[in-house]
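Computed from heavy atoms alone, side chains included, the values below leave out hydrogens, waters and symmetry copies. We're numbering straight along the sequence, starting at 1.
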Amino acid sequence: MRSKTGLEFGVLGPLQVLADGRLIQLGRRGMRGLLAMLVVEANRPVSIDQIVDALWTDSPPATARTIVHGYVSRLRKVLEEADPSASATIRTTPTGYQLTVDPWRLDLHRARQLVASSRGKPAAIRAGLLREALGLWRGPVLSDVPGDPMTSDLEELRLSALEERIDAELELGRHLELVGELRGLCTEYPYRERLVAHSMRALYRSGQRADALEAYQRFQRRASEELGIDPGPQLRLLQEQVLRDDPALSLIGPVESRPVAPRAGIVAPALLPASASRLFGRSDDIAWLDHVCAARNLLGTTVAVLTGAPGVGKSALAITWGHENAEMFPHGVLFAALGDTEPSEVLTRFLVALGVPADGVPVGVEDRVGLYRSLLNRRRVLVVLDDATGFEQVQPLLPPGSGSVVLVTSRSHLERLVVTNSARVRKLGPLDDEAARELVDDVLGRPLSAEDPVASRKLAELCGGLPLALRVAAAKLVISPEWTVEELVGELADDGHRLRGLDLPEAGVGCRGRWTCRPATCRQSSARCSRPSAWRPAAGCRRTPLPR
């Protein structure tokens with residue numbers, strides 16, 4: 001929830017810092033430029049190189065880094081004096097600095113949340129939420145700071161919210177009220193096809209059919225003469241509807257009464273599956289991913305590869321990190337479990353997730369790649385490609401630049417990605433004993449490592465520190481409470497009858513041997529309860545096998 005005390009930051013207009021509602025003076029333009037960058041990238045590290053490049057777009061002075069250090073020192077003093085409770089602090093990171101603050105103290109975060117919460121709501125509610133979001137803009141974004149404060153995403157957010165608000169109000173039948181506003185907007189933003197479409201609809205529904213056609217022709221001439229392109233297919237279709245007085249153009253009412261297809265390039269997908277409840281022993285690996293992301297080129301695409309043995313936790317780390325850092329990628333998160341899947345199939349799923357109608361997906365693979373890259377051009381996304389088998393599977397799925405990140409998990413090092421895309425590679429190792437025991441305790445829901453430290457340590461050792469093997473072994477104790485830890489460890493320690501519950505080929509984990517119920521411990525039968533692929537225990541055995 002938004003706090004009513006402490007510091008609040010505004011970047012949707014001139015840079016603004018409020019302390020308990022009181023405006024704080026920030027001093028020199030350079031300090032304002034630095035703080036603007038930290039606010040726009042709040043809770044994420046910003047490297048000194050990024051700061052220098054943004055503050056001095058041409059040729060930075062030789063003392064640029066020293067100047068930046070001085071700015072940070074003075075900004076810290078200003079923030080501390082304005083708010084001794086430290087509701088916002090500037091932390092030093094390995095590569096630069098980071099503003100640590102509750103996101104609700106940022107007008108940018110509140111605007112994004114309002115826009116996101118408007119999706120799928122009835123038109124009246126949608127219009128109200130979007131008007132509230134647009135009301136957070138106080139003027140041209142960061143017009144009072146020097147250099148390049150990375151404002152293109154903020155301007156695109158405003159325009160998208162504006163277009164969505166007008167769309168909702170057209171659904172409510174407010175076309176007469178919108179005609180004048182749309183004329184001004186089409187003059188200010190002459191190449192926004194969606195604004196032109198809104199204007200045509202408002203004019204047509206207001207009985208100004210000729211003006212609606214003139215709006216189209218004016219855009220067509222400008223696009224042809226100045227850009228050398230034709231209007232897009234949706235705008236051309238709208239012109240045809242106006243020409244033939246299509247009754248569909250007069251439909252007004254709540255969005256529920258008429259289907260509205262998602263708009264390609266505006267939908268922000270969120271395809272990550274559910275993450276593990278907790279990660280154990282991966283703090284160094286998470287820090288590595290954080291560093292790779294923080295040091296990324298905002299004009300290019302950064303590729304990171306997590307490799308390692310089957311069951312070592314590559315997928316869990318990638319998915320969990322993706323969830324925790326999704327806010328860094330305002331245009332969405334894409335995910336695909338590759339395995340043996342062809343890139344063409346994944347491209348189809350990605351395009352549909354990005355708002356392309358299923359019947360609008362190109363037939364040819366190269367055309368799908370081209371449309372995918374066009375939709376993601378100048379958009380910042382995270383793409384998680386799980387269980388990749390080779391370079392050819394990954395390469396067509398790489399988005400263009402603008403600071404996007406691709407996180408790949410694979411059993412190989414994908415050397416060609418290193419050569420062609422400067423991919424960063426990190427090999428995950430097994431968990432240490434402490435982390436392995438913590439994981440088992442978490443699955444069991446009780447501190448086994450404290451109750452029986454010897455058995456707990458032996459269980460971790462026999463599972464080789466592999467997170468998946470540890471989870472399966474602990475799950476056996478949860479599902480079959482009649483088993484004791486000592487019996488489970490005994491089965492694992494017996495190479496002749498190794499725990500078959502760890503044999504999960506579909507998860508890429510194999511195990512020697514088979515599960516057996518030893519005659520000495522089976523309550524009703526001395527017959528062995530072997531676990532073949534069908535997983536049917538011998539008659540009379542009460543032990544519950546682990547489901548496949």
Side-chain angles (χ1 to χ4, degrees), residues 269-276 301 303-323 332-354 356 358 361-373 375-376 381-399 404-421 423-428 464 466-469 471-472 500-512 532-535 546-548:
L271 302 188
L272 282 178
S275 62
T301 297
V303 181
V305 178
L306 297 175
T307 187
V312 79
K314 304 182 293 294
S315 302
L317 174 59
I319 292 169
T320 302
W321 186 89
H323 278 293
V333 181
L334 295 165
F335 172 87
L338 296 181
D340 297 326
T341 307
E342 292 294 327
S344 58
E345 298 178 34
V346 178
L347 283 167
T348 298
R349 294 203 297 268
F350 281 3
L351 289 173
V352 171
L354 288 164
V356 177
V361 176
V363 175
V365 177
E366 290 186 5
D367 292 334
R368 292 183 205 180
V369 173
L371 179 57
Y372 172 69
R373 291 173 179 169
L375 289 177
L376 294 183
V381 296
L382 171 65
V383 181
V384 180
L385 303 175
D386 189 32
D387 194 23
T389 58
F391 171 82
E392 293 78 8
Q393 197 180 32
V394 172
Q395 195 272 336
L397 305 175
L398 300 180
S404 291
V405 172
V406 179
L407 182 51
V408 184
T409 72
S410 177
R411 298 181 195 179
S412 76
H413 289 78
L414 299 177
E415 290 86 353
R416 283 185 63 186
L417 273 180
V418 178
V419 174
T420 60
N421 297 89
R424 304 290 187 264
V425 180
R426 184 171 182 87
K427 184 175 182 180
L428 302 189
L466 295 177
L468 181 57
R471 289 186 180 278
V472 172
R500 185 62 182 266
L502 299 184
D503 185 10
L504 295 173
E506 67 275 13
V509 179
C511 185
R512 303 189 309 273
S533 59
W535 187 239
L546 184 66
R548 288 187 63 82

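Listed by chain and residue number, His413 satisfy the side-chain contact (heavy atoms from CB on, under 4.5 Å) test with Glu415 (two or more places apart in sequence, or in another chain). Residues meeting the side-chain contact (heavy atoms from CB on, under 4.5 Å) test with Asp386, sequence neighbours left out: Ser315, Phe335, Thr409. In this structure, the side-chain contact (heavy atoms from CB on, under 4.5 Å) partners of Arg368, at least two apart in sequence or on a different chain, are Ser344, Leu347, Thr348, Leu351, Val361, Pro362. Residues meeting the side-chain contact (heavy atoms from CB on, under 4.5 Å) test with Ala304, sequence neighbours left out: Trp288, Leu289, Val292, Leu407. For Ser410, the side chain to side chain donor-acceptor pair (under 3.5 Å) criterion is met by Ser412, not counting sequence neighbours.
The two residues Tyr372 and Leu354 make their nearest non-hydrogen contact at CD1-CD1, 4.2 Å. When every heavy atom of Ile319 is checked against every heavy atom of Ala274, the shortest pair comes out as CG2-O, 4.0 Å. Counting all heavy atoms, side chain and backbone alike, Ala353 lies closest to Leu271 at CB-CD1, 3.9 Å. Considering all non-hydrogen atoms of both residues, Ala336 and Val346 come closest at CB-CG1, 3.6 Å. Residues Gly339 and Thr389 come closest through the heavy atom pair O-CG2, 3.3 Å. Shortest non-hydrogen contact noted between Pro467 and Gly311 is CD-O, 3.2 Å.
Between Trp321 and Val384, every side-chain heavy-atom pair lies at or beyond the 4.5 Å cut-off.
Taken to the nearest 0.5 Å, the CZ atom of Arg426 stands 12.5 Å off from the OG1 atom of Thr307. Summarising the geometry, atom CG belonging to Leu306 is positioned 11.0 Å from atom CG belonging to Leu414; distances are rounded to the nearest 0.5 Å. Note that the CG atom of Leu385 and the CG atom of Leu417 stand 9.5 Å from one another [nearest 0.5 Å].
Heavy atoms from other residues, nucleotides or ligands lying under 6.0 Å from CZ of Arg349 number more than 12.
No donor-acceptor pair closer than 3.5 Å links the side chain of Lys314 to the backbone N or O of Leu428. Panel note: side chain Ser404, backbone Thr301; no donor-acceptor pair is recorded below 3.5 Å.
Within the structure, side chain to side chain donor-acceptor pair (under 3.5 Å) pairs that include any residue of residues 332-343 do not occur (at least two apart or interchain).
When each of Leu397, Val305, Leu398 is paired with Val406, the side chain to side chain contact (heavy atoms under 4.5 Å, CB included) condition holds for Leu398 and for no other.
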